[in-house]
Structure formats: C-alpha cells, structure tokens
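Any value given below was found using the heavy atoms of this structure, including those in side chains, with hydrogens, waters and symmetry copies removed.
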Amino acid sequence: MASDIALVLRSEHRQLVLRAQRCGREGRGFQDPVGDLRRALLAHLDAAASEVYPPAQRRGAAAPEPGTSDVRERVVDPGTPVDELVQVTEDLVAYEDQRILPVLESHVGLPERRRIGKLFRMRRDASARSIGTAPRNRRSQTELYEVARRAGVEQRSRMTQAQLQEAVAAWEHEHPPEG
C-alpha cells in the first residue's frame, strides 16, 4: 500500500469526488450518500489540518484557502444544501491539487512524504471511526416517519429512510429542544 502523501491525497481526492457524484443520484432507502460524503469530508479535514497543511505551509504553501473552519461549519450543518456540499468538496480537492500537492512534491523528500502519508491515513481512519455511523441507523423508518409527521414534513410518505433522516435532522437543527 502506497504511503507517499501525494499518492494518498490523489486517491483520497478520487474517493471524495466519487462520493460527491453519488449525492446527485437517487439511492435506495438504506443508502445515505450525503451522510457518507459529510463523514468522509470531516475525516479528511481533520487529517489534512493536522498532518498535511502544517508541513506544506512551512514550505511556502498558502494557508488553506477554502478556510477549514468555514468548510467544517458548512459540512457539519445538516441544513447545508447538497449542491453546496458537492461544491465544497470540489473546491477543497482543487485547492489541495493546485496548492498543497505541488509544494509537498517539490520541497519535501520521499521519506518525509511517506511519514506524512502514513500519519494522514492513521489520523483520517481514527477520525472516521470517531465520527461513527450515520444517525439514521439509530431510528427506524417508522420512528423517523412519526417525527416527520409531528414536524409537518411534506411528502414524507414518499421519502426513503435516508431522506426522512435528512428532513428530520434539518427540522431538529432549526427547532432545538428547549431546556
């Protein structure tokens, strides 16, 4: 398995772009492409911010242009539209391809790139595990339907479990519990 950070990031970018493309398709009820993209982006951002950006910045790369805190806020927010989430993914991949990878490839030796790649993968995997599974797995479709009914969600009877979860999460984000 390749551990050079340049190879690892390129592979990671392909996976993120594929996940973003899946968000536009209608999935089956047990699939949650938007949730998968959110979790993958969060894990990538955690690993890149701690392992990739600092060495690149020390060698002359600009600070993360898409602003990792701004990107993180938009990724975490369940009210973020899918097309905006896809755009965030494309912007992040383009930034890393154009600004981070060239600096790492030209100014960092292979042993150091391998060390960074290994650390990036370990951090990304640990972050992905800590993010856990999708919240939709905690409630059955029947439970989600009942919450959506009480929330007054339109077209709920035609929604898949993933769509119900997204609608319920958006409603709960707008109406936090009091107390």
### Query
Should Asp83 and Gln87 be marked as a side chain to side chain donor-acceptor pair (under 3.5 Å) after you check the CA-CA gap, both sets of side-chain angles, and the distance that decides it?
CA-CA 6 Å; Asp83 56 337; Gln87 187 62 49; over 6 Å; no
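- Evaluation of the side-chain contact (heavy atoms from CB on, under 4.5 Å) rule for Val17 yields Gln21, Val93 as partners, not counting sequence neighbours.
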Report, one line per pair, each donor and acceptor closer than 3.5 Å where one atom sits in a side chain of residues 147-154; sequence neighbours left out.
| from | atom 1 | to | atom 2 | distance (Å) |
| --- | --- | --- | --- | --- |
| Arg149 | NE | Glu146 | OE1 | 3.1 |
| Arg149 | NH2 | Glu146 | OE1 | 2.9 |

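- Using a distance-only test at 3.5 Å, with no hydrogens or angles considered, a donor-acceptor pair links the side chain of Thr80 to the main chain of Arg74.
- Side chain of Arg113 to backbone of Val108: a donor-acceptor contact under 3.5 angstrom is found.
- Side-chain heavy atoms closer than 4.5 Å link hydrophobic residues (I, L, V, M, F, W, Y) into clusters, and following such links, even through other members, never connects Trp171 to Val34.
- Taking both residues in full, the closest heavy atoms of Arg123 and Glu51 are given as NH2-OE2, 3.1 Å, listed atom of the first, atom of the second, then distance.
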#### Entry: Full working for side-chain contact (heavy atoms from CB on, under 4.5 Å) between Leu42 and Val76
CA-CA 8 Å; Leu42 287 173; Val76 170; 3.7 Å; yes
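- Arg124 is linked by a salt bridge (charged side-chain N to carboxylate O under 4.0 Å, His left out) to Glu12, counting only residues two or more places apart in sequence or in another chain.
- Residues Arg139 and Leu164 fail the side-chain proximity criterion, which asks for heavy atoms closer than 4.5 Å.
- The two residues Met159 and Gln141 have their closest heavy-atom pair at O-NE2, 3.4 Å.
- In this structure, His44 and Leu92 approach most closely via the heavy-atom pair CD2-CD2, 3.7 Å.
- Placement of Leu45 and Leu119 in two distinct hydrophobic clusters is found when ILVMFWY residues are connected by side-chain heavy-atom separations under 4.5 Å, directly or transitively.
- Partners of Arg114 by salt bridge (charged side-chain N to carboxylate O under 4.0 Å, His left out), not counting sequence neighbours: none found.
- For the salt bridge (charged side-chain N to carboxylate O under 4.0 Å, His left out) test, no residue two or more places apart in sequence or in another chain qualifies with Arg19.
- Looking at heavy atoms from C-beta onward, Arg99 lies out of side-chain contact with Tyr53 at the 4.5 angstrom threshold.
- For the salt bridge (charged side-chain N to carboxylate O under 4.0 Å, His left out) test, no residue two or more places apart in sequence or in another chain qualifies with Arg59.
- Annotation for Arg38 and Val75: closest pair NH1-O, 2.6 Å, computed over non-hydrogen atoms.
- Val82 is listed as a side-chain neighbour of Glu166, based on a closest heavy-atom distance under 4.5 Å.
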### Evaluation steps, side-chain contact (heavy atoms from CB on, under 4.5 Å), between Leu101 and Arg10
CA-CA 9 Å; Leu101 282 173; Arg10 285 191 179 99; 4.0 Å; yes
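- Taken from CG in Asp36 to CD in Gln15, the straight-line distance is 11.5 Å, to the nearest 0.5 Å.
- Formation of a donor-acceptor pair under 3.5 Å by the Arg121 side chain with backbone atoms of Gly117 is not found in this model.
- Here Leu18 contributes atom CG and Cys23 contributes atom SG; the two are 11.0 Å apart, rounded to the nearest 0.5 Å.
- Closest non-hydrogen pair, Thr89 versus Leu16, comes out as CG2-O, 3.8 Å.
- Looking at Glu112 and Arg58, no side-chain N of the basic residue comes within less than 4.0 Å of a carboxylate O on the acidic one, giving no salt bridge.
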### Task
Check the pair Tyr145 / Ser140 against side-chain contact (heavy atoms from CB on, under 4.5 Å), numbers first and verdict last.
CA-CA 9 Å; Tyr145 180 84; Ser140 70; over 6 Å; no
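- Contact detail for Ala56 and Val103: the closest heavy-atom pair is O-CG1, 3.6 Å.
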### Message
For Leu104 and Val52: C-alpha separation, side-chain torsions, deciding distance, then whether side-chain contact (heavy atoms from CB on, under 4.5 Å) applies.
### Response
CA-CA 9 Å; Leu104 290 174; Val52 178; 3.8 Å; yes
